[in-house]
Each structure stands twice: as structure tokens, then as C-alpha cells.
Amino acid sequence: MVVTPNVGTAEKLAQAPRRVTILGSTGSVGTQTVDLVARDPDRFVVEALTANRNVALLAEQARQLKPKLAVVADPACYTELKDALAGTGVEAAAGPEAVAEAAARPSDWVMAAIVGAAGLEPTLAAVRRGACVAFANKEVLVCAGALMMEEVRAHGATLLPVDSEHSAIYQVFDFQRVDSVLRLILTASGGPFRTKDRAFMAAATREQAVKHPTWDMGAKISIDSATMMNKGLEIIEAHFLFGIPEPKIDVLVHPQSVVHSLVEYVDGSVLAQLGTPDMRTPIAYALGWPARIPTPAERLDLVKAATLTFEAPDPERFPALRLARAALQSGGGAPTILSAANEVAVQAFLDRRIGFLDIEKIVEGTLEALPHRPLRDLGEVRDTDAEARRMAADRVSAVGH
Ligand SMILES: NC(=O)c1ccc[n+]([C@@H]2O[C@H](COP(=O)([O-])OP(=O)(O)OC[C@H]3O[C@@H](n4cnc5c(N)ncnc54)[C@H](OP(=O)(O)O)[C@@H]3O)[C@@H](O)[C@H]2O)c1
């Protein structure tokens, strides 16, 4: 069942200024959110900012935006942050619990832009107080989708997708007539290895894999784009956000990243959202929602773009798509295992401990080795996530150089 946009929240949010919290403010999505917030100080007031270890950037953002609180997840960074904020009036805190507490503070709007399952507790803290949550942190919906959507419903929270594909679908999705939706079509750039063969990928370096052709993103999502696991995670994310079953979610490779995704209706109409590939556009959609706010993103000039091309994804060269679909079909803890094993394997590749094609092997092996039990509560999500991480780490050690 899809959670329809909350009209009451939309009306409340229309009253400026909007109080915002940015989780993961030092990352790729986080810094672009900071950029938009800083452009309009009359419209936005900042409650809290959080990072993992990047104290220098967090402190700089805090001096600029003057939040009440700045938090680092790594407790070892506390003294450095406290010193950096001395005299600013901004409270400093550290530790994963403090990140979740930042999310629980009373802001109207929370950007969930932490990478990986580390975002689960803070996102949940924002959802449980019925906040409007701009949702970039897709791994949270992959590892705990059904339970997270139940929490969203139970607490009257609003999830606004930030992933460009899901933002596009959100903008053209008929929430009142979900039965009229025939299928969702997620577009994919194809990543840096779209035209490469498996032999090339087997020898691919970190530098080659991280170099995305159209988007400038954090390291983990860039590798996920190269394996196309990112699109697999997005199929799962779309399933939970829009309540559409897996067979009705297609992937279309579109190297120019101009058509950000499409919805096909039963009458044959296909609605899409287009724009230049600049994350500030989907971030601004969520930041201003229900209003639209200006962004400095380059305008789309279709004459200049001239040719938009589309092709089918290649499941032979990119098995991650198959693995993600199978995990969603299998249900229970399978997507949790997929995402946890993928996080471990991607980090090992970034650390140059394994080869590029080892990522899919480790994910597949972990999915095969562990049972796909139903997940009844968040404790079971955490246990399954931890078990998958242990198993994937063992596999990294086994293949690692
Ligand atoms: N980048 C994009 O264009 C894009 C597009 C669509 C969706 N997304 C999704 O958005 C999320 C963020 O992506 P990103 O590219 O912005 O990632 P990123 O650049 O790596 O930034 C991640 C942010 O999370 C913080 N963080 C990392 N580990 C943490 C932990 N254990 N606890 C608390 N905070 C932690 C980082 O802090 P430090 O800086 O201190 O390490 C940083 O602020 C991902 O789920 C990604 O899939 C990103």
C-alpha cells in the first residue's frame, strides 16, 4: 500500500520559515542541500547538522548556517568539533545516539543523506515524530522497507524522495488512482562501464569505477552505479515508496540522464520528469515542497541536448540487477542481506582489497549462504544486517589481496 502525500503536512510546511535538519550535511547530497538552504536564509532556519568524521567541513557549515546543534557520529572526533565550534554558540555532540537525537529534535523538515544502513536509526527518529523527511538514504528503505513504511503510516510522517529517479516518479505519480499505473520505468545512466566488457570490468580500478559519466556523487553510490547495484537498490526503493510490485518496475538505460524516470498508465500515456543532471533540482523539489523553489541548476535546452538515447540494460554484464530483483521477490531479510553485503564489498573495493567483479560475487555468495527469514521488527533487521556484514567480511578476507 502506497503512503499518499500528507496534505496537512503540506499546509503546515507552507508557513515560512521552515526549520530544517540535515543528516549527512558534509556529503554530496548534504553539501548541495546546504548550498540551497544558504541561498535563502529568510525561508530556512537550521536546527541541526550531522556528519561522520569531517569536522572541518561540519564546523564551516555550522559557522555559516548557525544551527543549534552540530553532531559527529564518530565519538573520537568530539573534542576536535567542540574546539572548532568554540565561541559560535553552536552546541557540539558526538556518537551515533547523538545523530539520532539530532533527528528527533523539533524541525519541520529533515534531509536523510547519510550513506548506508547507518542512517536507519536517525531516519526512524525523524519519522517517529511525524516529520517531513527528504529521503536520499536509499539503503534504509532497502534494509527495512516494509517496517519503515509502517512507521511512516503510523506516525503520519511524509517521505519525499530525493533520488532523481524517485523524485521524477513522485512528480508524475497518480497517488489517487494507483490502479491506473501500468508500470514504473527507472532510467539509468549505465554508469562508467556501460559499454565495457567483463574482461575490462575484472581489471577495473577504483579511479575508473568511481568516475561517473553524468553525476558527481559520493564514493559508495558511484561504485553502485558502476555495478548497476544502484539501480537494483532503486527498484527496491521504488517498490516500497510507491507500492508497485517488482515485475511492474522496469529499468531503461539512458546515458544522457535527462529523462529522470517515467510512469506508464493503463491508457498508454507515459509521463516523465526531465531536467539537466543536477541533484539540486530533486533536492529543491523536496526542500520547497509543496512549493517549487528556484535553483542555480543549468536549464534544460532540448535543442542543445539534441539526441536522447535509450537502451535495454544488459543483465549478463550487470548481474546486480538480477540479484536485487531476486532479493525483492524473495522478501523478508533478503534485501537487508543484499544491501549489507554490498556495503561491505563496496568498501573493500574502495580500500583496494578486492577486485571490481568480486563485489557481485560477495553479494551473491552472502545471499545464498544466509536464510531469508521474515523480519518482524527492527531488532531482527539489525541482527540480519550484522550477520550479513560478518559473512560478507569473511568472504572479502577469502578473496582479498
Ligand atoms: N550523491 C548523490 O548524487 C546521490 C543521489 C541520489 C541518492 N543518493 C543517496 O544519498 C545518500 C548519501 O549519498 P552521498 O553521495 O551524499 O554520500 P557521501 O558523499 O558519502 O556522504 C555521506 C554523508 O553521510 C555521513 N556519514 C557517513 N557514514 C556515517 C555514519 N556511520 N554515521 C553518520 N553519518 C555518516 C558522511 O559524513 P563524513 O563526510 O563525515 O564522512 C556524509 O555527511 C546515499 O544513500 C546515496 O545512495 C546520493
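Residue numbers start at 1 and run along the sequence shown. Fair warning: this is a prediction, and the values are worked out from it, not measured in the lab. Both counts, for ligands and for their atoms, begin at 1 and track the order of listing.
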Practice prompt. Considering the heavy atoms of Arg53, write down every atom of ligand 1 situated less than 4.0 Å from one of them.
Written response: 38 (P), 40 (O)

Practice prompt. Mark the output for Val99 as yes if a heavy-atom distance to ligand 1 is under 4.0 Å, and as no if none is.
Written response: no

Practice prompt. Number the atoms of ligand 1 from 1 as they appear, then name those within less than 4.0 Å of a heavy atom of Asn54, with their elements.
Written response: 39 (O), 40 (O)

Response to the item:
In terms of heavy-atom contacts, Ile337 and Pro371 come closest through CD1-O, 3.7 Å

Fill in: Basic-acidic side-chain contact under 4.0 Å: Glu343, Arg389
yes

Worksheet item: Does a salt bridge link Arg352 with Glu207, judged by any charged N lying under 4.0 Å from a carboxylate O?
Response: yes

Discussion item. Which residue and atom name correspond to the protein heavy atom nearest atom 11 (C) of ligand 1, and how close is it?
Written reply: Ile114 O, 3.6 Å

Practice prompt. Looking only at distances, please establish whether an N/O atom of ligand 1 is found under 3.5 Å from an N/O atom of Ser28.
Written response: yes

Worksheet item: Would you say Gly218 has any N or O atom under 3.5 Å from an N or O of ligand 1, going by distance alone?
Response: yes

Worksheet, complete the sentence: Note: ligand 1 atoms sitting under 4.0 Å from heavy atoms of Gly27 are 16 (O), 18 (P), 19 (O), 21 (O), 42 (C), 43 (O)

Discussion item. Check Glu387 with Arg390, please: is the shortest side-chain N to carboxylate O separation under 4.0 Å?
Written reply: no

Worksheet item: Looking at ligand 1, does Lys220 have a heavy atom less than 4.0 Å from it?
Response: no

Discussion item. Tell me the contacting part of Met279 for ligand 1: side chain, backbone, both, or neither, using a 4.0 Å heavy-atom threshold, strictly below.
Written reply: side chain

Worksheet entry | Among Ile283, Asn52, Leu57, closest by any non-hydrogen atom to atom 35 (C) of ligand 1 | Asn52

Worksheet item: For ligand 1, which atoms, with element, lie under 4.0 Å from some heavy atom of Glu139?
Response: 44 (C), 45 (O), 47 (O)

Item to complete: Please say which of Ile22, Val162, Leu23, Val20 ends up in a side-chain contact (heavy atoms from CB on, under 4.5 Å) with Thr33.
Response: Ile22

Practice prompt. Out of Ile221, Ile22, Asp278, indicate the one that has the non-hydrogen atom closest to atom 46 (C) of ligand 1.
Written response: Ile221

Worksheet, complete the sentence: Note: Ala113, heavy atoms under 4.0 Å from ligand 1, region reported as backbone

Worksheet, complete the sentence: The closest protein heavy-atom partner of atom 6 (C) of ligand 1 is Asp163 OD1, 2.9 Å

Worksheet, complete the sentence: The option among Ala118, Ala51, Ala56, Gly30 carrying the non-hydrogen atom nearest to atom 31 (N) of ligand 1 is Ala118

Discussion item. I'd like to know if Asp351 pairs up with Arg353 as an ion pair, taking the criterion as any Lys NZ or Arg NE/NH1/NH2 lying under 4.0 Å from an Asp or Glu carboxylate oxygen.
Written reply: no

Worksheet item: Between Glu298 and Lys304, does at least one N-O distance fall below 4.0 Å, as a salt bridge requires?
Response: yes

Practice prompt. Mark up the atoms of ligand 1 that fall under 4.0 Å of a heavy atom belonging to Ala73, in ascending order.
Written response: 32 (N), 33 (C)

Discussion item. In this structure, is the centre-to-centre distance between the rings of Tyr170 and Phe175 below 6.0 Å?
Written reply: yes

Worksheet item: When you measure from atom 9 (C) of ligand 1 to each heavy atom in Ser167, Ala136, Gly24, which option holds the nearest one?
Response: Ala136

Worksheet item: What distance separates Glu316 CD from Asp197 CG, expressed to the nearest 0.5 Å?
Response: 13.5 Å

Worksheet entry | Asp224 and Lys220 ion-paired at < 4.0 Å | yes

Fill in: Arg53/Asp74 salt bridge by N-O under 4.0 Å criterion
yes

Item to complete: May I ask you to list the atoms of ligand 1 that are less than 4.0 angstrom from any heavy atom of Met217?
Response: 1 (N), 2 (C), 3 (O)

Discussion item. Check this for me: does any side-chain nitrogen of one of Arg128 and Glu151 sit under 4.0 Å from a carboxylate oxygen of the other?
Written reply: yes

Worksheet item: Among protein heavy atoms, which lies nearest atom 47 (O) of ligand 1, and at what distance?
Response: Lys138 CE, 3.1 Å

Worksheet item: Given that the side chain starts at C-beta and the backbone is N, CA, C, O, which of these parts of Val29 lies under 4.0 Å from ligand 1, counting heavy atoms, or is it both or neither?
Response: both

Practice prompt. Could you tell me whether Lys196 sits above the aromatic face of Phe200, with NZ or CZ closer than 6.0 angstrom to the six-membered ring centre and within 45 degrees of the axis?
Written response: yes

Worksheet item: Considering only heavy atoms of Asn137, which atoms of ligand 1 have at least one such atom less than 4.0 Å away?
Response: 45 (O)

Discussion item. What protein heavy atom lies closest to atom 38 (P) of ligand 1? Include the residue and the distance to one decimal.
Written reply: Thr26 OG1, 3.4 Å

